[in-house]
Peer 1: 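Take this structure, written in structure tokens, and hold onto it; I'll ask about it next.
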Amino acid sequence: VTELAFDDPCILFALRREAQPFLREFRPQQRFRGAPCWARFCGPAWLSVLALQTGMGQPRTEAALDWILGQPLMGGVRYRPKLVLSAGFSGALQEEFQVGDIILATEVASSDGKSWPATWPAENAAGEWRPRLHRGRVLSVPTLIGSSEEKETLGRVHQAAAVDMETAAVARLCRKRDVSFGCVRVILDDLQTPLSSRLVSLVSGGRVSPLRALTALVCAPSLGVEFRRLARQSRFAAEQLGKALGELLTLTLPWGADL
Amino acid sequence: LSGEKRFPLVLMLEPLHACNLTCTGCGRIREYVQTLKEKLSVEECLAAVDECGAPIVSICGGEPLIYPEIGRLVHDILKRRKHIYLCTNGMFIQKRLHEFRPSRRMFFNVHLDGLEETHDRAVERTGVFKAAIEGIKAAKRAGFLVCSNTTVYKETDIDEVDALFAYLTKLDVDGFMLSPAYGYTAVQETNPTVAAEIFLKREDIRAKFKEAEKLLKKYRMASSPVYLEFLSGKRELTCTAWGNPTRNVKGWKGPCYLITDEHHETFRGLMEDTQWDRYGYGKDPRCEHCMVHCGYEPSAALGVNKKLGDTLKMLLWQLS
């Protein structure tokens, strides 16, 4: 007797803003009840994926992933993802990467020196991709990095292309449970452009309430320019991420050739 | 020459029905919703090509550029000296172009229902027109033959089709196909309101194509002059459904590309077990408003309801 199970790939976004353009192409279909965060099966019937919006940072990612890898029940049937993808914004750690560039991780590293090779995709995606796909190492750190100098140092020390706050947790837990994992990140801020400490502090929690944003703007009106730039860049970056992710899933996943 | 009464001209090969788009008028993604995750193997596709023997293979679906082994499939069909139309929405041409080599016997047939706004609305997603145009440009740059296929709906503006063809001519597109939409049962059942809004009746089709008659003379039409005369009401043709047999994941689809009554295990089964005289205009209500090229282009090519001068007309079209 074969035990029934869902094995749709699972995609972890930290923020709603990161996921929105992707969800326009892979439309949410069904809610996964009991999840510790927003969780929906999305996309066409032939390419259904489970999308999660976990919230920013490692603890929230771990909570969501613990639940997913614990084989939760969906209508009495177990869910065991055949692939977990960490997707979202990242900061460039090398000069060559611009806002909107896509980084497809070859390896994921944590700031304490541990690293895990990404197991998906097995091969480089051939052909002409727009936005272009760059392969490289992704570093995860516990806090947002705003200063250009710090990013440059991290890039040099860890030989990494981009930095985020979540993927190392995904890599570690997936490796522990022997689940295939990948990481698709889009560059939100380039190496040369620093984020002010005020802005970093404002957006550190992920969601920014209108009241908090207004208060911050009253205290420091110059923040408005920076805030607008970040809003524009994040919209563009999320569009690029949605496009790349949709196409990668469509061309590499359907019949499991790459897993 | 071999005395066969019915023989295929074009094999409609559907290696899969999965598609990245959800076009409003598409019957396939609705009719085959239970088998969208299935695909034919390359070997099954090639066996169908051999079994059927048609000189032309139209690879359609679904979106064939999602098919993982599309490069090998096209290569192996070309090796059999067949002509290929690879019917695509164009979105993945750039990414998969490296899997093909240009050939005088292969066309990318890109589906475009109008200019940007109209097309993106028809396929229910923004950015598709732009991606398809980028795909066409990339294919032309690489030396491939490219034609376009436009489906005419109730809301289709013929002036816009004119503008589309003029634009595609500038991109050096090699030919244009045009066909009225078919009112798929699957669309009518799942979305009757939309079906009533978009699908044309026979008299509407004739009015629309009469309006388009002069305009189409300006362009390198891949649709035959006899078929276009039929569409504009200048002549009658009888349907030659067996001229374009369809093979998909469920078997040989009968009786035709558009109507499904049965899936046959073998091509011979489709040809011999189908009661062909039960189908066609005036015989089956599902054929009442059908004037689609898959049923009537073979009639034009085979000289069904032939008129004086047709041979010359078809010859000049072939040479143009």
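We name chains A, B, ... by the order of the sequence lines, and we start the count at 1 in each one. None of these values were measured; they are calculated from a predicted model.
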Peer 1: Is it the case that over 12 heavy atoms from other parts of the model lie below 6.0 angstrom from the CZ atom of A:Arg16?
Peer 2: no
Peer 1: Looking at B:Glu265, I'd like to know if its CD atom is crowded, meaning that more than 12 non-hydrogen atoms belonging to other residues, nucleotides or ligands lie closer than 6.0 Å.
Peer 2: no
Peer 1: Could you check whether any side-chain heavy atom of B:Val33 comes within less than 4.5 Å of a side-chain heavy atom of A:Trp46, counting everything from C-beta outward?
Peer 2: no
Peer 1: Could you state the interatomic distance from OG1 (A:Thr252) to CD1 (B:Ile66), rounded to the nearest 0.5 Å?
Peer 2: 11.5 Å
Peer 1: At their closest point, which heavy atom of A:Arg130 faces which heavy atom of B:Glu134, and how far apart are they?
Peer 2: NH1-OE1, 3.3 Å
Peer 1: Kindly compute the distance separating OG1 (A:Thr250) from CG (B:Leu21), expressed to the nearest 0.5 Å.
Peer 2: 9.5 Å
Peer 1: For chain B, which residues of residues 19-35 of chain A have at least one non-hydrogen atom nearer than 4.5 Å to it?
Peer 2: A:Glu25, A:Arg27
Peer 1: Which heavy atom of B:His98 sits nearest a heavy atom of A:Ala126, and at what distance?
Peer 2: NE2-CB, 3.3 Å
Peer 1: Who in residues 114-126 of chain B is close to chain A, using a strict under-4.5 Å heavy-atom cut-off?
Peer 2: B:Glu124, B:Arg125
Peer 1: Has B:His263 got more than 12 heavy atoms of other residues, nucleotides or ligands less than 6.0 Å from its NE2?
Peer 2: yes
Peer 1: Tell me whether A:Arg132 at atom CZ has more than 12 heavy atoms from other residues, nucleotides or ligands lying less than 6.0 Å away.
Peer 2: no
Peer 1: Flag yes if more than 12 heavy atoms outside A:Gln192 fall under 6.0 Å of its CD atom; otherwise flag no.
Peer 2: yes
Peer 1: So for atom CD, which belongs to B:Glu44, do other residues, nucleotides or ligands contribute more than 12 heavy atoms lying within a distance under 6.0 Å?
Peer 2: yes
Peer 1: Taking the side chain as C-beta and beyond, is there a heavy-atom pair between B:Lys95 and A:Leu251 under 4.5 Å?
Peer 2: yes
Peer 1: Is it the case that atom CZ in B:Arg72 sees more than 12 heavy atoms from other parts of the structure closer than 6.0 Å?
Peer 2: yes
Peer 1: Heavy-atom cut-off 4.5 Å, strictly under: side chain, backbone, both or neither for B:Ile29 against chain A?
Peer 2: neither
